[in-house]
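Following: one structure in structure tokens, then a few remarks.
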Amino acid sequence: QVQLVESGGGLVQAGGSLRVSCSASGSTFSIYTIGWFRQYPGKERELVAALDWSGGHTYYTDSVTGRFTIFIDNAKNTVDLQMNSLKPEDTAVYYCARKSSGPFPGTAAWYDDWGQGTQVTVSS
């Protein structure tokens, strides 16, 4: 069974940077769409960024455009989210997920496999 594992979360001051990584044990990311979601307490998961592995298309929600970058780290075989100019409102649990069908980038309901999440905290 495929397991997605996030790593790299932590605490950073506002204006700082963090990079979170998503790896897949027991499988690869090829032919999938990979999404990075975040979830605030008591809220539904929202899509932050997505990458279509085969076509290279990317998607960013408006609030992170220009600050976050989703990319493939070929050396590590991970899909990473580089987060720059972080703001306190970026504080959330970040999840990676993947899907093999449906529209791009799709909503959370389209994603089949999920990681356990990693906490990102941005202090003001």
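Starting from 1, each residue takes its place in the sequence as its number.
Nearest heavy-atom pair, W53 versus V79, reported as atom, atom and distance to 0.1 Å: CZ3-CG2, 3.6 Å. Scanning all heavy atoms of the two residues, the minimum distance from D112 to K99 falls at OD2-CA, 3.7 Å. Shortest non-hydrogen contact noted between N84 and S17 is OD1-OG, 2.9 Å. Closest approach of W114 to A108, counting heavy atoms only: CZ2-O, 3.6 Å. Residues A14 and P88 come closest through the heavy atom pair CB-CD, 4.1 Å. Heavy atoms only, all atoms of each residue included: G35 and L47 are closest at CA-CD1, 4.1 Å.
For the atom pair Q82 CD and S21 OG, the distance stands at 9.5 Å (nearest 0.5 Å). In this structure, CZ in F71 is found 4.5 Å from CG in D80, a value given to the nearest 0.5 Å. Atoms CG and SG, on L81 and C22 in that order, are 10.5 Å from each other to the nearest 0.5 Å. Note: T78 OG1 to L4 CG = 12.0 Å, rounded to the nearest 0.5 Å. Taking CD of E89 as the start and OG of S63 as the end, the distance is 8.5 Å to the nearest 0.5 Å. N77 CG to S23 OG: the interatomic distance, rounded to the nearest 0.5 Å, is 8.5 Å.
Checking side-chain atoms of Q13 against main-chain N and O of S123 turns up no donor-acceptor pair under 3.5 Å. A donor-acceptor distance shorter than 3.5 angstrom exists from the side chain of T91 to the backbone of V122, with no hydrogens or angles considered. For Y95 (side chain) and E6 (main-chain N/O), no donor-acceptor pair under 3.5 Å exists by modelled atom type. Of the possible donor and acceptor atoms, one in the side chain of Y60 sits under 3.5 Å from a partner among the backbone N and O of I70.
For K43, the NZ atom counts as loosely surrounded, since its 6.0 Å shell holds 12 or fewer non-hydrogen atoms of other residues, nucleotides or ligands.
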Starting from the C-alpha separation in whole Å, work towards a yes-or-no answer on side chain to side chain contact (heavy atoms under 4.5 Å, CB included) for R38 and V120. CA-CA 9 Å; R38 63 187 177 191; V120 171; over 6 Å; no
Applying side chain to side chain contact (heavy atoms under 4.5 Å, CB included), run through D90 and F68 and close with a yes or a no. CA-CA 11 Å; D90 294 317; F68 290 12; 3.9 Å; yes
Apply the test side chain to side chain contact (heavy atoms under 4.5 Å, CB included) to residues R19 and D73: give CA-CA distance (whole Å), side-chain angles for both, the deciding distance (0.1 Å), then the verdict. CA-CA 12 Å; R19 177 172 161 176; D73 186 323; 2.7 Å; yes
Tell me, with the steps shown, if Q39 and R45 meet side chain to side chain donor-acceptor pair (under 3.5 Å). CA-CA 4 Å; Q39 188 169 26; R45 293 178 187 180; 3.2 Å; yes
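There is a path of hydrophobic side-chain contacts, each under 4.5 Å, that joins I72 to W36. In the hydrophobic clustering of ILVMFWY residues, with side-chain heavy atoms under 4.5 Å counting as a link, V12 and V20 come out together. Cluster annotation: W110 and F104 are assigned to the same hydrophobic cluster (Ile/Leu/Val/Met/Phe/Trp/Tyr, side-chain heavy-atom contacts under 4.5 Å, transitive). V48 and L86 fall within a single hydrophobic cluster, where Ile, Leu, Val, Met, Phe, Trp and Tyr are joined by side-chain heavy atoms under 4.5 Å apart, directly or via other members. In this structure, M83 is a member of the same hydrophobic cluster as L51, with clusters built from ILVMFWY side-chain heavy atoms closer than 4.5 Å.
The aromatic rings of Y111 and F37 sit perpendicular, their planes meeting at an angle over 60°, well past the 30° parallel limit.
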